[in-house]
2 protein chains.
Amino acid sequence: MERIEETNPQVKQAKPRGRPRSFDRATALEKAILAFWEHGYEATSVSDLTRVMGIGAPSLYAAFGDKRALFEEVVLEYGRRYGSFGDRALAEEPTARAAVERMLREAAVEYTAPGRPHGCLVIHAATNCTSAEVEESLRDRRNANIAAFESRIRADIAAGELPADTDAAALARHAGAMIQGMSQQARDGASREELEALAEIAMAIWPRT
Amino acid sequence: MERIEETNPQVKQAKPRGRPRSFDRATALEKAILAFWEHGYEATSVSDLTRVMGIGAPSLYAAFGDKRALFEEVVLEYGRRYGSFGDRALAEEPTARAAVERMLREAAVEYTAPGRPHGCLVIHAATNCTSAEVEESLRDRRNANIAAFESRIRADIAAGELPADTDAAALARHAGAMIQGMSQQARDGASREELEALAEIAMAIWPRT
DNA sequence: GTATTTCCCTAGCGGTCGCTACAGAAAGAC
DNA sequence: GTCTTTCTGTAGCGACCGCTAGGGAAATAC
């Protein structure tokens, strides 16, 4: 764990005792993100990982634990570097409607960004797994996102921003289904423009205020 | 291949020469469908298959070819037994809108039917595969479905059933994204009622006629 | 310098993968 | 009955899986 004293000049440059690591851990992790993102947990073998990360298997195990622990760290870092646009939209937009609209529009861009795998790692990387726990951890993450949509919508209903008879659960589930459908479409070859058109017409289901 | 003479009594009961197969091929295929449906192509091993099908590996290979050929046959038979509700809706309903509405409503039932895996095999069984061809065959199938929606919508536009400025491609892609999103939701634990509410509000995007 | 700590590389562990050789069993043909 | 054909069960192939023991390499501590 990083310590607060890190900013203290006395301890700042405290080099560890033994032979230093010969690779950059963050760079290797980024390569692992891309590999898991593209092929999923099960279909990415440890030898695939060592090849794209440019390190040997013992280095991987020393730096990241086992394959499972590396994947968990990959999911966390993916959430920080690529998967945070939804949370940001929810936090920054004034209404649930604006947040979902922005999220869907940004998803069209994010899910088809050139130079990296299409679609969302959280949606696709842990399907068809031998390990049920890995599947479950990402499923929990997806369902937590929908729950976040729902509570945001309920807040808007309470504030009079949405009609009192709005079905918050169905509206939240619709946003989740759209995100997941868009991610699948991106994987299946849909372009950014096609996903943007999709996001636009999908917003028609929101009740008029 | 089945011959037309099958109905001819002379050839009808032409038993094959050697030792007869000791299991029912259709029953074994049905078990394979359920296994692939639940766990996907890659995560279903041949020993999983032989166990649930109740036969030995050599019998499986003699009757179905290899794992890949068995999966292709599974996909075809799945389409006949479980995945045909969309085609039926497209063929039987008078308008594209009615067809999509019926398809989404039936998907809510089909994707959460008790006693069998949730969601759609075509959408989920070939993700995260080592073999790119297997992934591609199901992706082609998904994209062909969306193309079928689109041509049905175009026909309705030509017939004046839908406004002339309707974006057929976006509307078709929306139907595909909804089906795929609903399938994912079903896998993630959504109930039939929740998916039905989803299907209902999703139809609000269709232009007023 | 020597001692200690940590990392990297080679090699290989036990296990599972998809698949099959081979011999015996069960049917029809004669 | 014998011969031929086809299916079934055992047993195991080579390849890959995730993972690690063990020895040498590279840094700091003294």
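Just so you know, these numbers use all the heavy atoms, side chains as well, and skip hydrogens, waters and symmetry mates. Note that the structure is predicted; figures quoted are calculated from it, not measured. Each chain gets a letter, A, B and so on, in the order the sequences are listed, and its residues count up from 1.
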Between CG of B:Leu60 and P of C:dC17 the distance, given in whole Å, is 14 Å
Name the residue closer to the 5' end of DNA chain C, choosing between B:Lys67 and B:Pro20 according to the nucleotide with the nearest heavy atom.
-> B:Lys67
Rounded to whole Å, the CE-P distance (A:Met53 to D:dG18) equals 13 Å
When B:Arg19 and B:Pro58 are each assigned the nearest nucleotide of DNA chain D, the 5'-most assignment goes to B:Arg19
Would A:Arg25 and A:Glu73 pass as an ion pair if we require N to O under 4.0 Å?
-> yes
Send over the distance from A:Leu49 CG to D:dC16 P, rounded to a whole Å.
-> 17 Å
B:Arg51 CZ to C:dG18 P, in whole Å, measures 12 Å
Figure out the CZ/C1' separation between A:Phe64 and D:dG18, and round it to whole Å.
-> 17 Å
Phosphate OP1/OP2 of D:dC19 contacted by A:Tyr61 side-chain N/O (<4.0 Å) = yes
Compute both the distance and the angle, then confirm whether B:Lys67 meets the cation-pi test with B:Phe36: under 6.0 Å from the six-membered ring centre, within 45 degrees of the axis.
-> no
Quick one: is A:Ser47 getting a side-chain N or O under 4.0 Å of the D:dC17 phosphate, OP1 or OP2?
-> yes
At under 4.0 Å, does any side-chain N or O of B:Ser22 touch on OP1 or OP2 of D:dT8?
-> yes
Comparing B:Asp66 with B:Gly18, nearest DNA chain C nucleotide closer to 5' gives the residue B:Asp66
Working to the nearest 0.5 Å, report the span between CD1 of B:Ile33 and CZ of B:Phe71.
-> 11.0 Å
A:Arg25 CZ to C:dC7 C1': how many Å, rounded?
-> 14 Å
Go through C:dC17, C:dA29, C:dC19 for me and flag the one nearest to the B:Arg17 side chain.
-> C:dA29
B:Ser59 side chain N/O closer than 4.0 Å to the phosphate oxygens (OP1, OP2) of D:dT8?
-> yes
A:Phe71 CZ to D:dG18 P, in whole Å, measures 13 Å
Ignoring the backbone of B:Phe23, work out which of D:dT8, D:dG18, C:dC19 is nearest its side chain.
-> D:dT8
Would you indicate what A:Thr44 reaches in the nucleic acid, counting non-hydrogen atoms under 4.0 angstrom: base, sugar-phosphate, or nothing?
-> sugar-phosphate
Out of D:dC7, C:dG18, C:dC7, which nucleotide sits closest to the side chain of B:Val46?
-> C:dG18
Spacing between B:Ile55 atom CD1 and D:dC7 atom P, to the nearest angstrom | 12 Å
Pairwise 5' ranking along DNA chain D for A:Gly65 and B:Ala57, keeping only the more 5' one | B:Ala57
Would you check if there is a donor-acceptor pair between the side chains of B:His124 and A:Thr127 at a distance under 3.5 Å?
-> no
Taking NZ, NE, NH1 and NH2 as the nitrogens, is one of them in A:Arg116 or A:Glu110 under 4.0 Å from a carboxylate oxygen of the other?
-> yes
